[in-house]
**Student:** 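What follows is a single structure, and I will ask about it in a moment.
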Amino acid sequence: MSDSDPSIHYDQRVFRVRQNTENGEVGAETYFRYEQTEDRLTGTYAGGTIAEGHLMGRVFPDGHLEFCYHHVTTDAHVRAGQCTSTPHRDEDDRLVLKEKWQWFTGDQSHGTSELIEVDRDEVPD
């Protein structure tokens, strides 16, 4: 797969965090559930320090994503930001999203993260 793949459709895919910079709030216990209709992406995420989160954005023809997100942490903080994700494949041919993000709230800092696709049956209830 090239760095981006227009054949990727994100509907019903589930990802978990593989790596995040220190100023991020999501971690290995956070799972993202994506839905896609045409070029619109929506999703929910929760787990670890995230009580509940939502995202909404766009899927571009080359497969990359641009979206805004917001969440409430388990200690009741509200945070929001924006993200650009680029799809790649790892050595096991699993879909990996390499992300660049920035907070709208708090210190408005930047960061990077990686999400890796997991089977839906791997997600805790």
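By convention here, the first residue in the shown sequence is residue 1.
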**Student:** When you compare the side chain of L115 with that of E99, does any pair of heavy atoms fall below 4.5 Å?
**Tutor:**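 They are in side-chain contact.
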**Student:** Going through the distances and angles, do R58 and R40 end up as a side chain to side chain contact (heavy atoms under 4.5 Å, CB included)?
**Tutor:** CA-CA 5 Å; R58 183 164 173 223; R40 291 183 311 276; over 6 Å; no
**Student:** Between the main-chain N or O of S109 and the side-chain N or O of D107, is there a donor-acceptor pair closer than 3.5 Å?
**Tutor:**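 Yes; judged by distance alone, with no hydrogens or angles, the pair exists.
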**Student:** Counting C-beta onward and ignoring hydrogens, is there a side-chain heavy-atom pair between Q12 and Y34 closer than 4.5 Å?
**Tutor:**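 Result no, sub-4.5 Å side-chain heavy-atom pair not found.
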**Student:** So, Q108 side chain and F104 main chain: donor-acceptor pair closer than 3.5 Å or not?
**Tutor:**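 Side chain of Q108 to backbone of F104: a pair is present.
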**Student:** Please identify each residue that fulfils side chain to side chain contact (heavy atoms under 4.5 Å, CB included) with D92, with sequence neighbours left out.
**Tutor:**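 Expected list: D90, R94.
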**Student:** How far apart are the closest heavy atoms of R16 and A28, and which atoms are they?
**Tutor:**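 Shortest heavy-atom contact: CD-O, 4.0 Å.
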**Student:** First locate atom NZ of K98, then atom OG of S85, and finally report the distance between them rounded to the nearest 0.5 Å.
**Tutor:**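 Rounded to the nearest 0.5 Å, the NZ-OG separation comes to 12.0 Å.
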**Student:** Roughly how far, to the nearest 0.5 Å, is the OG1 atom of T42 from the CE atom of M56?
**Tutor:**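 Reported to 0.5 Å precision, the distance equals 6.0 Å.
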**Student:** For the residue pair V96 and E114, what are the closest heavy atoms and their distance?
**Tutor:**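 Result for this residue pair: CG1-OE1, 3.9 Å.
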**Student:** Do T84 and Q82 pass the side chain to side chain contact (heavy atoms under 4.5 Å, CB included) test, and can you show the C-alpha distance, the side-chain angles, and the key distance before you say yes or no?
**Tutor:** CA-CA 7 Å; T84 300; Q82 64 184 354; over 6 Å; no
**Student:** Determine the minimum heavy-atom distance between E25 and I50, stating which atoms define it.
**Tutor:**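 Answer, listing the atom of E25 first, then I50: O-CD1, 4.0 Å.
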**Student:** Check salt bridge (Lys or Arg N to Asp or Glu O under 4.0 Å) between E29 and all other residues, then give those that pass, not counting sequence neighbours.
**Tutor:**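 Checked E29 against salt bridge (Lys or Arg N to Asp or Glu O under 4.0 Å); zero matches.
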**Student:** Under a 4.5 Å cut-off applied to non-hydrogen side-chain atoms, are E66 and F60 in contact?
**Tutor:**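 When only atoms from C-beta onward are counted, F60 and E66 do touch, with a gap below 4.5 Å.
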**Student:** Mind checking whether I8 and L95 have side chains closer than 4.5 Å, heavy atoms only?
**Tutor:**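 I8 vs L95: side chains touch.
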**Student:** Is there side-chain contact between V118 and Y31, with heavy atoms separated by less than 4.5 Å?
**Tutor:**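 Yes, their side chains come closer than 4.5 Å.
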**Student:** Run the side chain to side chain contact (heavy atoms under 4.5 Å, CB included) test on L97 and F32 for me, step by step, so that the C-alpha distance in whole Å, both residues' side-chain angles and the decisive distance to 0.1 Å come before the verdict.
**Tutor:** CA-CA 11 Å; L97 298 176; F32 293 77; over 6 Å; no
**Student:** State which residues pass side chain to side chain contact (heavy atoms under 4.5 Å, CB included) with T74; sequence neighbours excluded, sorted by chain then number.
**Tutor:**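 Result, side chain to side chain contact (heavy atoms under 4.5 Å, CB included) vs T74: T49, A51.
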**Student:** Sequence neighbours left out, what passes side chain to side chain contact (heavy atoms under 4.5 Å, CB included) with Q36? Give chain and number order.
**Tutor:**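 H9, Y10, D11, V59.
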**Student:** Between E117 and R13, does any NZ, NE, NH1 or NH2 come within less than 4.0 Å of an OD or OE carboxylate oxygen?
**Tutor:**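 So R13 pairs with E117 through a salt bridge.
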**Student:** Do you know the tightest heavy-atom contact between P87 and H64?
**Tutor:**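 Minimum heavy-atom separation between P87 and H64: CD-CA, 3.9 Å.
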**Student:** What's the shortest heavy-atom distance between G57 and F67, and which atoms?
**Tutor:**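 It is CA-CB, 3.6 Å.
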**Student:** With sequence neighbours excluded, tell me which residues meet side chain to side chain contact (heavy atoms under 4.5 Å, CB included) with H110.
**Tutor:**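 Side chain to side chain contact (heavy atoms under 4.5 Å, CB included) list for H110, sorted by chain: Q102.
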**Student:** For Y69, what residues pass the ring pair (Phe, Tyr, Trp, His ring centres under 6.0 Å) criterion, not counting sequence neighbours?
**Tutor:**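 Ring pair (Phe, Tyr, Trp, His ring centres under 6.0 Å) list for Y69, sorted by chain: W103.
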**Student:** Working to the nearest 0.5 Å, report the span between CG of L55 and SG of C68.
**Tutor:**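 Separation between the atoms: 9.5 Å.
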**Student:** Quick one: does any side-chain atom of T105 pair with a main-chain N or O of A80 as donor and acceptor, under 3.5 Å?
**Tutor:**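 Checked: pair present.
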**Student:** What closest approach, in Å, do V26 and N20 show between heavy atoms, and which atom pair accounts for it?
**Tutor:**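 The pair with the smallest heavy-atom distance is O-ND2, 3.1 Å.
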**Student:** Do the non-hydrogen side-chain atoms of H71 and E52 ever get within less than 4.5 Å of each other?
**Tutor:**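 Of all side-chain heavy-atom pairs linking E52 with H71, none is under 4.5 Å.
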